[in-house]
**Q** 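This is the structure I want to talk about, given as structure tokens.
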Amino acid sequence: MSVQTPAATPHIKPLADIAETILLPGDPLRARFIAETFLDDAVCFNEVRGMLGYTGTYRGRPLSVMGTGMGMPSMGLYSHELIHSFGVRELIRVGSCGTLSEDIDLFDVILAQGASTDSAFLHQFRLPGTYAPLSSYRLLDKAKQIADRQGRPVHVGNVLSSDVFYDADETALPRWAAMGVLGVEMEAAALFATAAAAGVDALAILTVSDHITRGQAATPEQRQTAFTAMIDIALEMA
Ligand SMILES: O=P(O)(O)O[C@H]1O[C@H](CO)[C@@H](O)[C@H]1O
Ligand SMILES: O=c1cc[nH]c(=O)[nH]1
């Protein structure tokens, strides 16, 4: 199902319909790569601020893909507009992350069951305690089943959505890792909370681009294009 795209929002001027299911990489060039490489009949639906978005089909099913930029505020505003102004119902982040785990290797895939955070983003909901942003169990279970069917091993668990890429406190990440956090990225918690507040489904599928304790890192080109395992799982979610 695709929805008719109404008026523009401050950050999305719809040039075409947006599907009810959307893949959300941080990098708009990764969105373009996914659309041009994997979607049939892909048309660009957004160019505002260079935050490229495309709608096409995958195996005959409508699917959109759009960049979100980096960080919780950016994810917060794009996911809000996609849900509330354009009727998107399933939002699947396809991102990169770092890890400190010796059980996880560069380019491994993590399905984020939950996203802990050091961000103040969740304060807007004024909850009298600590909210645990979770992915949609329906989407998580579906992604795990797709990965199993494809014979792709994945890690499933908690990640950290951090406001800080270059953390002045070098003890922070090891302390999160000691709590079993598998990976660190910068958007999933905002996506999960925004989706939960709106009653729609969200998931984050992450590729490990940095092994922080081993000092390994993907190249900028690999961050744009070499995440095929994650993309193969995400495309089947449509
Ligand atoms: O590769 P993306 O999806 O942008 O995700 C990760 O990469 C960026 C940092 O380099 C942050 O956005 C982080 O969450
Ligand atoms: O937020 C991020 C994303 C990729 N790699 C990291 O180390 N951190």
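Just so you know, these numbers use all the heavy atoms, side chains as well, and skip hydrogens, waters and symmetry mates.
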**Q** Applying side-chain hydrogen bond (donor to acceptor under 3.5 Å, both in side chains), which residue pairs with at least one partner in residues 105-122 are found, sequence neighbours left out?
**A**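 Passing the test, one end in residues 105-122: D105-R214, D108-H155, S116-N158, D118-S162, S119-D163.
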**Q** Output the distance between atom CE (M72) and atom OG1 (T194), rounded to the nearest 0.5 Å.
**A**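 Rounded to the nearest 0.5 Å, the CE-OG1 separation comes out at 8.0 Å.
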**Q** So how far is it from M66 CE to L82 CG, rounded to the nearest 0.5 Å?
**A**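 Separation between the atoms: 5.5 Å.
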**Q** Is there a side-chain contact between L173 and V184 (heavy atoms, below 4.5 Å)?
**A**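 The answer is yes; the side chains approach within 4.5 Å.
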**Q** Taking the side chain from T99 and the backbone from L182, do they hold a donor-acceptor pair closer than 3.5 Å?
**A**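 Confirmed, T99 side chain pairs with L182 backbone.
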**Q** Is it the case that one hydrophobic cluster holds both Y166 and M186, taking links as side-chain heavy atoms less than 4.5 Å apart, direct or via other members?
**A**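 Same cluster: Y166 reaches M186 through Ile, Leu, Val, Met, Phe, Trp or Tyr contacts under 4.5 Å.
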**Q** For a quick test of reading the model, state the closest non-hydrogen atom pair linking F125 to A193 and the distance between them.
**A**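 For F125 versus A193, the nearest heavy atoms are CE1-CB, 3.8 Å.
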**Q** Side chains of M51 and P28: does their closest heavy-atom pair fall under 4.5 Å?
**A**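 Heavy-atom side-chain distance check passes, below 4.5 Å.
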**Q** Begin from the C-alpha positions of L206 and R93 and carry the test side-chain contact (heavy atoms from CB on, under 4.5 Å) through to its verdict.
**A** CA-CA 8 Å; L206 304 169; R93 168 163 155 69; 3.9 Å; yes
**Q** Does a side-chain heavy-atom distance below 4.5 Å link D40 with Y58?
**A**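 SC-SC contact between D40 and Y58 ruled out.
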**Q** Would you say that more than 12 heavy atoms from the other residues, nucleotides or ligands in this model lie under 6.0 Å from the OH of Y137, or not?
**A**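 Atom OH in Y137 is not packed in, count stays at 12 or less.
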**Q** Identify the two heavy atoms, one from C44 and one from A16, that lie closest to each other, and give their separation to 0.1 Å.
**A**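 Reported closest heavy-atom pair: O-CB, 4.3 Å.
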**Q** Find out if a path of hydrophobic residues (ILVMFWY) with successive side-chain heavy-atom gaps under 4.5 Å connects L52 to V48.
**A**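 Unlinked, L52 and V48 end up in two clusters.
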**Q** Could you state the interatomic distance from CZ (F86) to CD1 (I18), rounded to the nearest 0.5 Å?
**A**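 Between atom CZ of F86 and atom CD1 of I18 there are 5.0 Å.
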**Q** Closest approach of S64 and A19, non-hydrogen atoms and distance?
**A**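 Between these two residues, the closest heavy atoms are OG-N, 2.8 Å.
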**Q** Kindly say whether G114 contributes a backbone atom to a donor-acceptor pair with the side chain of S135 at under 3.5 angstrom?
**A**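 Here the side-chain-to-backbone pair does not exist.
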**Q** In Å and rounded to the nearest 0.5 Å, what is the CD1 to OH distance from I22 to Y78?
**A**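 Separation between the atoms: 11.5 Å.
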**Q** When you measure from the side chain of S161 to the backbone N and O of A189, does any donor-acceptor pair fall under 3.5 Å?
**A**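 Between the backbone of A189 and the side chain of S161 there is a qualifying donor-acceptor contact (under 3.5 Å).
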**Q** Please determine whether residues L134 and V154 belong to a single hydrophobic cluster, defined as Ile, Leu, Val, Met, Phe, Trp and Tyr linked transitively by side-chain heavy-atom distances below 4.5 Å.
**A**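 Different clusters: L134 never reaches V154 through Ile, Leu, Val, Met, Phe, Trp or Tyr contacts under 4.5 Å.
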**Q** Please enumerate all residues that pass salt bridge (charged side-chain N to carboxylate O under 4.0 Å, His left out) together with K13, with sequence neighbours excluded.
**A**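 For K13 there are no salt bridge (charged side-chain N to carboxylate O under 4.0 Å, His left out) partners, ignoring immediate neighbours.
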**Q** Might you confirm whether atom CG of D41 has over 12 heavy atoms from other residues, nucleotides or ligands at distances under 6.0 Å?
**A**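 Atom CG in D41 is not packed in, count stays at 12 or less.
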**Q** Inspect the surroundings of NE2 in H80 and state if more than 12 heavy atoms from other residues, nucleotides or ligands are less than 6.0 Å away.
**A**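 Not buried by this count: 12 neighbours or fewer within 6.0 Å.
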**Q** Run the side chain to side chain donor-acceptor pair (under 3.5 Å) test against S136 and tell me which residues pass, sequence neighbours left out.
**A**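 Listed in chain order: D201.
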**Q** Could you check L24 against I92 for side-chain contact (heavy atoms from CB on, under 4.5 Å), going step by step and ending with a plain yes or no?
**A** CA-CA 6 Å; L24 299 172; I92 301 162; over 6 Å; no
**Q** Under 4.5 Å between any side-chain heavy atoms of V156 and I110, yes or no?
**A**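 With C-beta onward as the side chain, the pair stays apart.
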**Q** Locate the shortest heavy-atom distance separating A195 from A202; write the atom from each residue and the value.
**A**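 Answer, listing the atom of A195 first, then A202: CB-CB, 3.6 Å.
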**Q** Could you walk me through whether T57 and R61 satisfy the side chain to side chain donor-acceptor pair (under 3.5 Å) test, starting with their C-alpha distance in whole Å, then the side-chain angles of each, then the deciding distance to 0.1 Å, before giving a yes or no?
**A** CA-CA 5 Å; T57 59; R61 295 187 291 273; over 6 Å; no
**Q** Working to the nearest 0.5 angstrom, can you tell me the gap between D148 CG and K144 NZ?
**A**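 So the gap between those two atoms works out to 3.5 Å.
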**Q** As an exercise, state the distance from CD of E81 to OG of S79, rounded to the nearest 0.5 Å.
**A**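 Between atom CD of E81 and atom OG of S79 there are 9.0 Å.
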**Q** Indicate if L106 and V109 have the same hydrophobic cluster label, given that clusters are the connected sets of ILVMFWY residues with side-chain heavy-atom separations under 4.5 angstrom.
**A**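 Same cluster.
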**Q** So does T219 get a backbone contact from the side chain of Q222, meaning a donor-acceptor N/O pair under 3.5 Å?
**A**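 Yes.
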**Q** side-chain contact (heavy atoms from CB on, under 4.5 Å) between C97 and V159: does it pass, once the steps are laid out?
**A** CA-CA 9 Å; C97 71; V159 300; 6.0 Å; no
**Q** Do P133 and L122 come within less than 4.5 Å of each other through their side chains, counting heavy atoms only?
**A**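 Side chain of P133 against side chain of L122, heavy atoms only: contact under 4.5 Å found.
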**Q** Check salt bridge (charged side-chain N to carboxylate O under 4.0 Å, His left out) between E90 and all other residues, then give those that pass, not counting sequence neighbours.
**A**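 So E90 forms a salt bridge (charged side-chain N to carboxylate O under 4.0 Å, His left out) with R138.
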**Q** Would you tell me whether E185 and S96 have side-chain atoms, one donor and one acceptor, within less than 3.5 Å of each other?
**A**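 Looking only at side-chain atoms, S96 and E185 do not form any donor-acceptor pair under 3.5 Å.
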**Q** Can you tell if the side chain of L100 reaches within under 4.5 Å of the side chain of P174, non-hydrogen atoms only?
**A**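 SC-SC contact between L100 and P174 confirmed.
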**Q** So for atom CD, which belongs to E102, do other residues, nucleotides or ligands contribute more than 12 heavy atoms lying within a distance under 6.0 Å?
**A**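 Check passes, neighbour count above 12.
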**Q** Side chains of F165 and M70: does their closest heavy-atom pair fall under 4.5 Å?
**A**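 Contact flag for F165/M70 side chains = no.
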**Q** Find out whether V94 and F227 are in side-chain contact, i.e. whether some heavy atom of one side chain is under 4.5 Å from a heavy atom of the other.
**A**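 Contact flag for V94/F227 side chains = no.
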**Q** Can you get from V181 to I104 by hopping between Ile, Leu, Val, Met, Phe, Trp and Tyr side chains that sit under 4.5 Å apart?
**A**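 Not linked; separate clusters.
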**Q** Can you name the closest pair of heavy atoms from A31 and P25 and give their distance?
**A**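 Minimum heavy-atom contact is N-CG, 3.6 Å.
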**Q** Donor-acceptor pairs under 3.5 Å, side chain of residues 231-238 to any protein atom, not counting sequence neighbours: which ones?
**A**
| from | atom 1 | to | atom 2 | distance (Å) |
| --- | --- | --- | --- | --- |
| D232 | OD2 | R152 | NH2 | 2.5 |
| E236 | OE2 | R59 | NH1 | 2.6 |

**Q** Using salt bridge (charged side-chain N to carboxylate O under 4.0 Å, His left out) as the criterion, list what pairs up with R149, not counting sequence neighbours.
**A**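 R149 satisfies salt bridge (charged side-chain N to carboxylate O under 4.0 Å, His left out) with no residue once adjacent residues are dropped.
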**Q** Determine, step by step, whether L191 and E187 satisfy the side-chain contact (heavy atoms from CB on, under 4.5 Å) criterion, reporting the C-alpha distance in whole Å, the side-chain angles of both residues, the deciding distance to 0.1 Å, and the verdict.
**A** CA-CA 6 Å; L191 174 63; E187 296 86 14; 5.8 Å; no
**Q** Mind listing the closest non-hydrogen atom pair of A217 and D210 along with its distance?
**A**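 Of all heavy-atom pairs spanning A217 and D210, the closest is CB-OD1, 3.5 Å.
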